[in-house]
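Chain naming here is simple, since letters A, B, ... match the order of the sequence lines and numbering starts at 1 in each.
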Amino acid sequence: MEKIANLLITWFQYKKRELPWRKNRSPYRVWVSEIILQQTKVEQGKAYFERFMAQFPNIKSLATADQKDVLKVWEGLGYYSRARNLHKAANQIIDHHNGVFPNSHEKIIALKGVGKYTAGAILSFAWNRPYPAIDGNTVRVTTRVFGIHMDAHHAYVQRHIASLITELYKYSSPKEINESIIELGALICRPKNPLCTECPINNHCVAKEQNTIHLLPLLKKKAQPRERVLHFILLHGPKDTIYIELRQKSDIWKGLYTPLLIEGIELSASAEELLSETAKRNIKIDNLTKTNTLIHKLTHQTLHINIWQATTKERTSYFIKRSDLSNFPTPKPFISIFKKISE
DNA sequence: AAAACGGGGCG
DNA sequence: CGCCCAGTTTT
C-alpha cells in the first residue's frame with residue numbers, strides 16, 4: 001500500500017491537469033465545482049464553473065440570488081436539481097452557519113444536494129481531512145487495482161473501497177490521495193481503452209495481472225427509458241409577447257420555462273385535437289400550424305416533441321415580452337428557439 | 001432498494 | 001444512432 005500511495009502522488013504531482021477549480025481551493029469553490037462535475041464531463045464543466053463563479057463569487061451572492069437566475073447560469077447543463085439544491089444550500093449556510101461554510105462532516109452532508117461523495121471531496125480538497133471521496137473514477141480504479149469482482153454498487157463493496165482508501169492515508173495526504181485516484185481514473189484508468197502502459201501503478205494492479213480490466217467495475221444494467229410524447233406551442237400574443245410557463249411538478253426541467261405544453265395526446269394528433277386541448281385550458285388560439293418535430297433523448301426518457309406555432313389575442317400574466325426571453329432558463333431543446341424568437 | 005433526474009461524447 | 005457515463009433525492 002505504501003508503494004501504491006507514493007507512486008500515485010508522484011504521478012499526480014507531475015501529470016495533474018490545470019483546472020479552474022484547482023487554482024484556489026476554498027470550500028465554496030470546491031463545493032460548486034463538485035456539484036457541477038456530478039454527471040458532467042470536465043471539459044463541459046469548465047465554462048459553467050467560470051460563469052457561475054463570476055456571477056456568484058461567494059455564498060452570500062448565491063443565497064440572495066433568485067432561483068431563476070441560478071438556473072439561467074445552469075441552462076443547458078442538465079440535472080437542474082443540482083442548481084436548485086445549490087441555491088437552497090447556500091441559504092442553509094446563511095441561516096444556520098452564519099454564512100460561513102461549515103467544516104464538520106455532519107454539517108456538510110446535511111446541506112441540500114451534498115451526499116457522501118461531495119462531502120468527502122469538500123473535506124479532503126479544501127481542508128485535507130481524511131474522508132474518502134468515492135466517485136465513479138475511484139470505483140473504477142480501486143475495483144481494478146484490487147481486483148474486486150463484485151457488484152460495485154453494493155454497500156459492502158463501497159465500505160471495502162472506503163477502508164482501502166483510508167489505509168492509503170497512512171502514507172500520504174488525504175487531499176492528494178483522493179485527487180490522484182480520481183485523476184488517474186479520468187486520464188489513465190478510463191472506462192474504455194485504459195492507458196495501462198502509462199499507469200504509475202500498473203505493476204500493482206490485480207486486474208491487469210489477471211487480464212480482467214475490461215470486466216471491471218461490475219455495474220448493474222440500467223432500465224429502459226420510457227417513451228413520452230410532448231406537444232409544445234409557441235404561442236405569440238399581442239405586442240411582441242410570447243406565452244411561457246414555469247414547470248413546477250416533480251418532473252424533468254422543474255424550475256425552467258417552456259412554451260405551452262400539451263401532453264396526453266398522440267404524436268400524430270391533428271391541429272383540431274390540439275385546439276380542443278387548449279380549449280380545455282381556456283386558451284383561445286388561432287393560426288395553429290406544426291413547425292417541426294424532434295426527438296430529445298434523456299437517460300430515463302425518450303421525448304418525442306412536436307413544436308407548433310400559433311397566435312392569440314389574449315394577454316394574461318403568462319405572456320412576456322419576446323425580448324425578455326433571454327432572462328428565463330429553458331431546457332436544451334428550446335435554447336436556440338428562444339434565442340431566435342427574442343431577436 | 002429502486003427509480004428519477006440531462007446532456008455530451010464515442011465508435 | 002446505440003451505448004456509456006453516474007451522485008443525490010425521492011419514492
Open item on the list: Starting the side chain at C-beta, find the nucleotide from B:dG7, C:dT8, C:dT10 nearest to A:Lys116.
Closed with: C:dT8
Task: Among B:dG6, B:dG8, C:dA6, the nucleotide that comes nearest once only the side chain of A:Gln44 is considered - done: B:dG8
Open item on the list: Suppose you measure atom C1' in B:dG9 against the same atom in C:dT8; what distance do you get, rounded to whole Å?
Closed with: 23 Å
Open item on the list: Can you tell me how the ring of A:Phe232 sits relative to the ring of A:Trp253, calling it parallel under 30°, perpendicular over 60° and tilted otherwise?
Closed with: tilted
Open item on the list: In whole Å, I'd like the distance from the NZ atom of A:Lys46 to the P atom of B:dG8.
Closed with: 17 Å
Task: Where A:Pro194 and A:Arg144 come nearest, the two heavy atoms and their spacing - done: CB-NH1, 4.1 Å
Task: A:Lys88 NZ to C:dT10 P, straight-line distance once rounded to whole Å - done: 7 Å
Open item on the list: Under 3.5 Å, is there any donor-acceptor pair linking the side chain of A:Gln39 to the base of C:dG7?
Closed with: yes
Open item on the list: With a 4.5 Å cut-off on side-chain heavy-atom distances among I, L, V, M, F, W and Y, is there a chain of contacts connecting A:Val157 to A:Leu164?
Closed with: yes
Task: Residue pair A:Glu266 / A:Ser268, side-chain donor-acceptor N/O under 3.5 Å - done: yes
Task: Nucleic acid contacts - residues 101-111 of chain A versus DNA chain B, non-hydrogen atoms under 4.0 Å - done: none
- [ ] May I ask you to decide whether A:Lys15 forms a salt bridge with A:Glu183, counting only side-chain N to carboxylate O separations under 4.0 Å?
- [x] no
Open item on the list: Can you tell me which nucleotide in B:dG6, C:dG2, B:dG8 comes closest to the side chain of A:Thr299?
Closed with: B:dG6
- [ ] Counting heavy atoms from C-beta on, name the nucleotide in C:dT11, C:dC4, B:dG6 closest to the side chain of A:Ile252.
- [x] B:dG6
Open item on the list: Quick one about A:Glu273 and A:His231 (side-chain donor to acceptor, distance below 3.5 Å, no hydrogens or angles considered), yes or no?
Closed with: no
Task: Contact under 4.0 Å: A:His296 side-chain N or O vs B:dG7 OP1/OP2 - done: yes
Task: Minimum-distance nucleotide to A:Pro191 side chain [options: C:dG2, C:dC5, B:dG7] - done: C:dC5
Task: Spacing of A:Arg84 atom CZ relative to C:dT8 atom P, expressed in whole Å - done: 16 Å
Task: A:Trp253 vs B:dA4: side-chain N/O to OP1/OP2 distance below 4.0 Å - done: no
TODO: Decide, yes or no, whether a salt bridge links A:Arg22 with A:Glu179 under the criterion of side-chain N to carboxylate O below 4.0 Å.
DONE: yes
Open item on the list: Looking at B:dG8, I'd like to know if its phosphate oxygens (OP1 or OP2) sit under 4.0 Å from a side-chain N or O belonging to A:Lys332.
Closed with: yes
TODO: State whether the distance check finds a donor on one side and an acceptor on the other, under 3.5 Å, for side chain A:Thr118 versus base C:dG7.
DONE: no
TODO: Nearest-nucleotide wise, let me know which of A:Leu219 and A:Asn85 is further upstream toward the 5' end of DNA chain C.
DONE: A:Leu219
Task: Protein-nucleotide distance (A:Lys297, atom NZ; C:dC3, atom P), rounded to Å - done: 9 Å
TODO: For A:Arg190, answer base if it contacts any base atom (sugar-phosphate contacts may also be present), sugar-phosphate if it contacts only those atoms, and nothing otherwise; contact means non-hydrogen atoms under 4.0 Å.
DONE: nothing
TODO: Provide the distance between the two P atoms, one in B:dG8 and one in C:dT9, to the nearest whole Å.
DONE: 24 Å
- [ ] Could you tell me the separation between the CD1 atom of A:Ile182 and the C1' atom of C:dG7, rounded to a whole number of Å?
- [x] 12 Å
Open item on the list: Please verify the inter-ring angle class for A:Trp127 with A:Phe101; under 30° counts as parallel, over 60° as perpendicular, anything in between as tilted.
Closed with: tilted
Open item on the list: Need to verify one output field. Residue with the more 5' nearest nucleotide on DNA chain B, A:Leu77 or A:Ala155?
Closed with: A:Ala155
Open item on the list: At less than 4.0 Å, is any side-chain N or O atom of A:Arg82 found next to OP1 or OP2 of B:dG6? Yes or no.
Closed with: no
Task: Per A:Leu298 side chain, nearest of listed nucleotides C:dT10, B:dG7, C:dG7 - done: B:dG7
- [ ] Pick base, sugar-phosphate or nothing for A:Gln301, based on heavy-atom distances below 4.0 Å to the nucleic acid.
- [x] sugar-phosphate
Task: Spacing between A:Ile335 atom CD1 and B:dG7 atom C1', to the nearest angstrom - done: 10 Å
Task: Given B:dG11, C:dG2, C:dT11, the nucleotide with the shortest approach to the side chain of A:Asn193 - done: B:dG11
Task: Sugar-phosphate only, base, or nothing, as touched by A:Lys41 at under 4.0 Å among non-hydrogen atoms - done: base
TODO: Considering just the side-chain nitrogens and oxygens of A:Lys112, establish if one lies under 4.0 Å of OP1 or OP2 belonging to C:dT10.
DONE: yes
Task: Lys/Arg cation over aromatic A:Tyr156: A:Arg159, 6.0 Å, 45° cone - done: no
Open item on the list: Does C:dT9 have its OP1 or OP2 closer than 4.0 Å to a side-chain nitrogen or oxygen of A:Tyr79?
Closed with: no
TODO: Looking at every strand, decide which applies to A:Val139 at a 4.0 Å heavy-atom threshold: base, sugar-phosphate, or nothing.
DONE: nothing
Task: Salt-bridge criterion met for A:Lys46 and A:Glu43 (N-O under 4.0 Å) - done: yes
Open item on the list: Could you tell me how far C:dC3 sits from B:dG6 if I compare only their P atoms? Round to whole Å.
Closed with: 22 Å
Task: Length of the OH-P vector between A:Tyr156 and B:dA1, whole Å - done: 16 Å
Task: Length of the CD1-P vector between A:Ile161 and C:dG7, whole Å - done: 11 Å
Task: Touch class at under 4.0 angstrom, heavy-atom based, for A:Tyr117 against every strand present - done: sugar-phosphate
